[in-house]
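The next block holds one structure in the form of structure tokens; read it before the comments.
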2 protein chains.
Amino acid sequence: MSKKQLIMDRALELFANQGFEATSVQQITDHCGISKGAFYLSFKSKDELILEIINHFIQQITVDIDYAVNHSKPDEKLYHFFHTTFHAFCEHADFAKLLMKEHAHSFNEKLLEKLHDYDQRTDQILLSMLETVYGDKIDHIKYDLIFSIKGLINGYLNFLLFSQHQFDVDLVAKSLVEKTNLLARHVTIPFITNKYENMFQKNFHGKMDKHDLLQLIATAIDESDIIIEQESLILLKEQIIEPTFNKTILLGLIENIRNNPQHKWLAYNLKEYFN
Amino acid sequence: MSKKQLIMDRALELFANQGFEATSVQQITDHCGISKGAFYLSFKSKDELILEIINHFIQQITVDIDYAVNHSKPDEKLYHFFHTTFHAFCEHADFAKLLMKEHAHSFNEKLLEKLHDYDQRTDQILLSMLETVYGDKIDHIKYDLIFSIKGLINGYLNFLLFSQHQFDVDLVAKSLVEKTNLLARHVTIPFITNKYENMFQKNFHGKMDKHDLLQLIATAIDESDIIIEQESLILLKEQIIEPTFNKTILLGLIENIRNNPQHKWLAYNLKEYFN
DNA sequence: TATACTAATGACCAATCGGTCAATTTGTCA
DNA sequence: TGACAAATTGACCGATTGGTCATTAGTATA
């Protein structure tokens, strides 16, 4: 494990239990068994550390949820969404705790921006899933439904994270599917009406721009030592600069790199870019 | 306004926007136009300040909600519960923000204890309300329902507090009544099953003990300058030491002091004590 | 006006913070 | 082994924190 990874892992443990502000760099370095100086060889600042932590896990979880939703039949999408969400947050319980603590609290502007971006991306995933599952029957309550679902998830998540009980991911997913169905089919008095529609789009550019994407690919090529990955990446890079292949070939190339967990995030963004 | 009240009001504004830890005593005193020394004449420490703030509003809100629920017909209880809850939190929006920020974050033990107590008291109010409204039909899902309701409330509250939109308390209450009814009548797969029952009682002594109550009464007698209140308080004090009156008379005496907002909290606890 | 008392001040304290950097250890060559 | 480079250290820095206390300002009484 690289020193950077070590610091991120150990720091996350402390952040989850004490919060970001309340954890000193000294505590982190003690907990890692390294010196303060060594910390600043891996990270420019304490802020950069938490940004990298948040980034890493948000990418991981976003990709998993997106995959689960897009690769299941319409009548199973809800279940897989909830299942993946709870599975991911419980696998990375420390991160989930950190996320909850800092969500309401943080004053690091870049961090807030990241969290807001994540929130909007979740809204988008939920919205498109609900539209696929229920069609336009829920048009007048869809934003209300999004808030209800997020509220329910949060309630259960709080319970799971801060109690010591072990629990059944399958059950929580089934329970939430039933509740979502109930609300989607029978709610007649939405509180979040469609006049708030702009809240769900404004200032959100889910797709990365060319430049960021090319940067990511360049890094990925350097880090990869599997030839088929490297070649796929080079071809994809050319396609971004000047698209000539059809969609099927592009998807195949993306699939070539998606299998490597390190490149999941890149694959996810490439897919969004070419759509 | 007393100096203590001034500090509490002004500090709350800062806490709501920056969080407790991130707000320095210097900032508070600057914002009040007083010196640092003057602050420590009113409060022993920064911790004591936030404890008094939280205490004050929790008492206020608890009493209002309890009254709304217990003084309405069964078929209107839900509506009044939600209406009062949202009305209270939006009237004291700064406090609501503080509560949300510190709920996940705080490391002051006494504060955490207070917040936990408040949480359990809310659970109790919700539980007894649901039992009254739906009877034993919801026995197998009542704990699940409590978590669902708290989740929904939190979701909407977050939306209301941190967006700039004005909103309709009546609508949010009606919307939540409908959702609660839907869930109560049709949920068949609870996630929080009755095996968690002990979570909802353990370590919770809602009722104050004799000593605390007598202390509160003594303070109230000193502060009051209305004769009927003072006399009622003196009689109630005697009844705590040695009960002789019947319940109707006791309730009447309590009602005598309940009309004064300053004594709402005392009245609420006396009612609980004599039940 | 002199006295006695409280209310209020802000310079000051030790502790802790994030961050730096000269000095030292460690690793890697010929 | 010796010479060089890279990695690592921890004493140190200025800034800020919650909290203290000798001093001053304000006011009512005699």
Side-chain angles (χ1 to χ4, degrees), chain A residues 1-55 98 101-102 105-114 222-223, chain B residues 1-55 98 101-102 105-114 222-223:
Chain A
M1 192 191 309
S2 74
K3 181 138 294 176
K4 212 164 170 172
Q5 198 60 53
L6 169 75
I7 294 173
M8 284 170 70
D9 280 6
R10 301 296 218 144
L12 178 55
E13 293 171 16
L14 296 174
F15 290 161
N17 292 318
Q18 315 179 355
F20 173 65
E21 303 272 6
T23 304
S24 68
V25 175
Q26 191 69 62
Q27 269 181 285
I28 297 170
T29 56
D30 286 353
H31 197 233
C32 292
I34 63 173
S35 70
K36 210 166 174 181
F39 174 89
Y40 285 95
L41 290 177
S42 294
F43 296 94
K44 281 211 297 279
S45 67
K46 197 186 160 195
D47 280 352
E48 197 192 72
L49 166 63
I50 197 175
L51 273 174
E52 290 217 24
I53 291 176
I54 299 264
N55 234 349
L98 176 61
K101 282 184 208 274
E102 298 312 315
H105 218 132
S106 179
F107 291 97
N108 179 320
E109 271 193 43
K110 280 200 176 182
L111 179 52
L112 273 183
E113 200 183 305
K114 271 269 170 329
D222 284 348
E223 284 175 358
Chain B
M1 193 191 310
S2 74
K3 182 139 293 175
K4 212 164 171 174
Q5 197 60 53
L6 169 75
I7 295 173
M8 285 170 71
D9 280 6
R10 300 296 218 148
L12 178 56
E13 293 171 16
L14 296 174
F15 290 160
N17 293 319
Q18 314 179 355
F20 174 66
E21 302 272 6
T23 304
S24 68
V25 175
Q26 191 70 62
Q27 268 181 285
I28 297 171
T29 56
D30 286 352
H31 198 233
C32 292
I34 63 173
S35 71
K36 210 168 174 180
F39 174 89
Y40 284 95
L41 290 177
S42 293
F43 296 94
K44 280 212 297 280
S45 67
K46 196 185 161 195
D47 280 351
E48 197 191 77
L49 166 62
I50 197 175
L51 273 174
E52 290 217 25
I53 291 177
I54 299 264
N55 233 348
L98 175 62
K101 282 186 208 273
E102 298 312 315
H105 217 133
S106 181
F107 290 96
N108 179 320
E109 271 194 42
K110 281 199 174 183
L111 178 52
L112 274 183
E113 200 183 305
K114 271 269 169 332
D222 284 348
E223 286 174 357

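Lettering of chains follows the sequences in order, A, B, ..., and the numbering in each one begins at 1.
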Let me know the distance between CG of A:D30 and C1' of C:dC17, rounded to the nearest Å. 14 Å
Would you say A:E48's side chain and A:K44's backbone share a donor-acceptor pair under 3.5 angstrom? yes
Sugar-phosphate means primed atoms, P, OP1 and OP2; the rest is base. With that split, encode nucleotides 5-15 of chain C 5' to 3' as B, S or - using protein heavy atoms under 4.0 Å. ---BBB-----
Here the gap from B:L49 atom CG to B:L12 atom CG, rounded to the nearest 0.5 Å, amounts to 9.0 Å
State, with a plain yes or no, whether a side-chain heavy atom of B:I50 is found less than 4.5 Å away from one of B:E102. yes
Name the nucleic acid region contacted by B:T23, choosing base, sugar-phosphate or nothing; use a 4.0 angstrom heavy-atom cut-off, strictly under. sugar-phosphate
Residues forming a ring-ring contact (aromatic ring centres under 6.0 Å, His included) with A:F43, sequence neighbours excluded: A:F39
Quick check for you: to the nearest 0.5 Å, what is the distance between B:H31 atom NE2 and B:D9 atom CG? 10.5 Å
At a heavy-atom distance below 4.0 Å, what parts of residues 6-21 of chain A sit against DNA chain C? none
In whole angstrom, what separates A:E48's CD from C:dG19's P? 10 Å
Atom CD1 of A:I50 and atom C1' of C:dG18: how far apart are they, to the nearest Å? 15 Å
Short question: side chain of A:K101, backbone of A:F15 - any donor-acceptor pair under 3.5 Å? no
Distance in angstrom units between A:K44 NZ and C:dT20 P, rounded: 11 Å
Single hit among B:T29, B:I28, B:D30 for side-chain contact (heavy atoms from CB on, under 4.5 Å) with B:C32: B:I28
Measure the spacing between NZ of B:K114 and CG of B:N108 and express it to the nearest 0.5 Å. 10.0 Å
Starting from P on D:dG18, measure out to CG on B:D47 and report it in whole angstrom. 10 Å
I need the NZ-P distance between B:K46 and D:dT17, as an integer number of Å. 9 Å
